[in-house]
Amino acid sequence: MTDQPLAGRTVIDLTTALAGPYATLLLAGLGATVIKVENPFTGGDSSRNNAPYLGRDGLSLTRRGEDDMSVSMLVRGRNKLSVTLNLKNPRAKAVFADLVRDADVLVENYSPGVTHRLGIDYPAVRGLNPRLVYTSISGFGAQGGPGSGKAMDSIIQALSGVMMTAGEPDEGPVRFGLPVGDMLAPLFAVIGTVSALMQAEHTGEGQHVDVSMLGALTSLVACEPFDAFEAVGLPQRTGSMVPRLAPFGILPAADGHVALCAPTDAFAHGVLRAIGRADLVEDGRFHSRDQRVRHADELHDLIREWCSSRPVAEVVDAFAAHGVPAAPVREPREAVRDPLVRQREEVVPLAHPRHGAVADLSATGIPIRFSGARAGFDRPAPALGEHNDQVYRERLGYSAEQLAELAADAVI
């Protein structure tokens with residue numbers, strides 16, 4: 001046991017790609033023992049074959065050494081134990097049963113119907129371990145969805161409506177650069193998993209936690225009343241500026257861009273003072289919020305003209321001096337090296353398990369600080385099947401002869 005919140009909990013990880021592995025990464029960072037089950041005959045988690053790769057000589061687009069590892073796996077595999085198991089082999093069922101019999105959680109992100117065909121769906125697993133929390137992450141929910149039920153991030157973004165909330169009104173759909181469809185569902189999956197674990201403490205019964213990527217992202221779209229905006233004549237897509245909150249948006253400066261958020265009277269009046277137009281504070285067009293919304297284009301043009309000839313630092317300092325929320329728009333490389341997020345371990349350095357920090361890379365941390373517990377990652381991503389001996393022999397009690405037989409029969 002350690003001082004981590006989920007210490008002592010065991011998670012059987014049947015996930016691959018991004019949505020599922022991100023959920024189990026968070027559980028691992030919170031202290032759970034995550035046993036990642038991978039098929040040795042397909043190369044394991046598909047993320048293992050995502051370029052770029054990191055090896056002894058740094059980054060490359062193709063593998064150059066035997067121990068080169070995908071950066072995706074280096075990020076998502078931390079603090080996990082990797083075992084190999086071919087779940088399509090009938091003999092794997094007994095091994096799988098041994099893994100889940102004393103586990104607390106199982107997480108899977110197969111397409112609907114696959115777990116039933118493999119004989120590892122919730123009803124089957126419940127018979128082995130009634131206390132188990134069985135978490136499914138899928139594109140459209142456990143019941144399936146359009147077509148084959150398979151989903152990729154861009155498909156989910158397209159169906160959720162989020163692509164039509166960004167960009168200029170006369171532009172086509174905008175795909176978010178961050179795979180929000182893939183990354184949002186695991187957050188809800190972890191919330192659901194931990195909630196179900198708490199309930200099981202009282203009832204002694206596990207349950208099926210079912211999270212869909214489409215539902216998760218569409219629920220966030222529904223947090224903003226876009227249908228109400230449309231009904232009262234407010235545009236749903238406004239590009240870099242947000243007229244209904246004026247002054248609010250992204251403004252070009254001489255050497256970059258500035259984010260400005262000044263929807264209240266106090267903030268808006270501070271903006272006018274910062275740009276040297278205190279005389280407009282009492283102007284009927286800009287004094288109150290409703291007036292500013294009606295004259296948003298005028299107001300934004302005024303501020304944009306002032307910002308365009310000044311460097312970002314000067315613009316931000318001027319707004320800050322008048323108590324206005326503003327910030328430079330940063331490139332990702334700069335943002336992940338912010339001393340504050342590094343000090344709080346919300347972003348952490350990434351290293352190769354054998355060669356160390358051979359490239360200057362950053363990875364997600366656990367962006368939660370506890371006053372009485374620890375969260376984070378202290379072990380690198382594992383090689384495929386690296387922990388077969390530790391899990392099968394030390395945890396399950398298999399003999400060397402049993403492991404040799406399972407390997408010979410293409411089970412592990």
Side-chain angles (χ1 to χ4, degrees), residues 14-27 46-47 76 105 107-115 121-122 133-196 199 207-245 248-250 261 364 367-368:
L14 304 183
T15 68
T16 187
L18 175 53
Y22 183 47
T24 53
L25 176 70
L26 295 173
L27 294 171
S46 60
S47 294
R76 302 168 200 169
V105 174
V107 184
E108 60 89 9
N109 67 335
Y110 288 109
S111 297
V114 173
T115 55
D121 56 353
Y122 179 60
V133 173
Y134 188 110
T135 299
S136 298
I137 304 171
S138 61
F140 307 103
Q143 79 292 326
S148 66
K150 295 183 183 295
M152 299 293 181
D153 176 77
S154 290
I155 302 300
I156 297 303
Q157 287 197 35
L159 291 173
S160 72
V162 75
M163 285 184 173
M164 298 302 290
T165 67
E168 299 296 332
D170 56 350
E171 289 181 351
V174 176
R175 185 186 70 83
F176 280 52
L178 190 72
V180 291
D182 269 322
M183 300 190 74
L184 183 64
L187 300 181
F188 285 108
V190 170
I191 293 169
T193 299
V194 174
S195 299
Q199 188 174 357
Q207 59 186 293
H208 188 194
V209 177
D210 174 12
V211 176
S212 82
M213 294 164 60
L214 178 63
L217 188 53
T218 309
S219 74
L220 245 61
V221 172
C223 275
E224 279 284 277
F226 289 105
D227 47 0
F229 296 159
E230 186 176 26
V232 299
L234 288 172
Q236 296 187 75
R237 304 178 73 199
T238 60
S240 59
M241 307 307 291
V242 185
R244 66 185 178 83
L245 300 175
F248 197 108
I250 309 301
C261 302
T364 179
I368 308 168

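- Interatomic distance, CG of L184 versus OG of S219, reported as 6.0 Å (0.5 Å rounding).
- Listed by chain and number, the residues in a side chain to side chain donor-acceptor pair (under 3.5 Å) with S46 are T16 (sequence neighbours excluded).
- A search for ring-ring contact (aromatic ring centres under 6.0 Å, His included) contacts involving F176 returns nothing, not counting sequence neighbours.
- The side chain to side chain donor-acceptor pair (under 3.5 Å) test applied to S136 returns E108, H208, not counting sequence neighbours.
- For the pair A142 and P112, the tightest heavy-atom approach, listed with the atom from each and the gap, is O-CB, 3.6 Å.
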Side chains of residues 158-167: which donor-acceptor partners sit under 3.5 Å, not counting sequence neighbours?
{"unit_1": "S160", "atom_1": "OG", "unit_2": "I156", "atom_2": "O", "d": "3.3"}
{"unit_1": "S160", "atom_1": "OG", "unit_2": "Q157", "atom_2": "O", "d": "3.0"}
{"unit_1": "S160", "atom_1": "OG", "unit_2": "V162", "atom_2": "N", "d": "3.2"}
{"unit_1": "T165", "atom_1": "OG1", "unit_2": "V162", "atom_2": "O", "d": "2.7"}

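- Scored by the salt bridge (Lys or Arg N to Asp or Glu O under 4.0 Å) test, R175 finds no partners at all (sequence neighbours excluded).
- The nearest pair of heavy atoms linking S212 to G139 is CB-O, 3.8 Å.
- Across all non-hydrogen atoms, the minimal contact from Y134 to D121 is OH-CA, 3.4 Å.
- Sorted by first and then second residue, the ring-ring contact (aromatic ring centres under 6.0 Å, His included) pairs involving residues 210-243 (not counting sequence neighbours) are F226-F229.
- The side chain to side chain donor-acceptor pair (under 3.5 Å) search around T364 returns none, not counting sequence neighbours.
- Applying the side chain to side chain contact (heavy atoms under 4.5 Å, CB included) test to I250 and every residue at least two apart in sequence or in another chain returns S240, H257, A259, V329.
- Sorted by first and then second residue, the salt bridge (Lys or Arg N to Asp or Glu O under 4.0 Å) pairs with a member in residues 207-227 read E224-R244; sequence neighbours excluded.
- Within the structure, side chain to side chain donor-acceptor pair (under 3.5 Å) pairs that include any residue of residues 184-196 comprise T135-T193 (at least two apart or interchain).
- Looking at residues two or more places apart in sequence or on another chain, you find a side chain to side chain donor-acceptor pair (under 3.5 Å) between Y122 and R126.
- By the salt bridge (Lys or Arg N to Asp or Glu O under 4.0 Å) test, E168 pairs with no residue at all, sequence neighbours left out.
- Among all heavy-atom pairs drawn from G181 and L217, the shortest one is CA-CD2, 4.1 Å.
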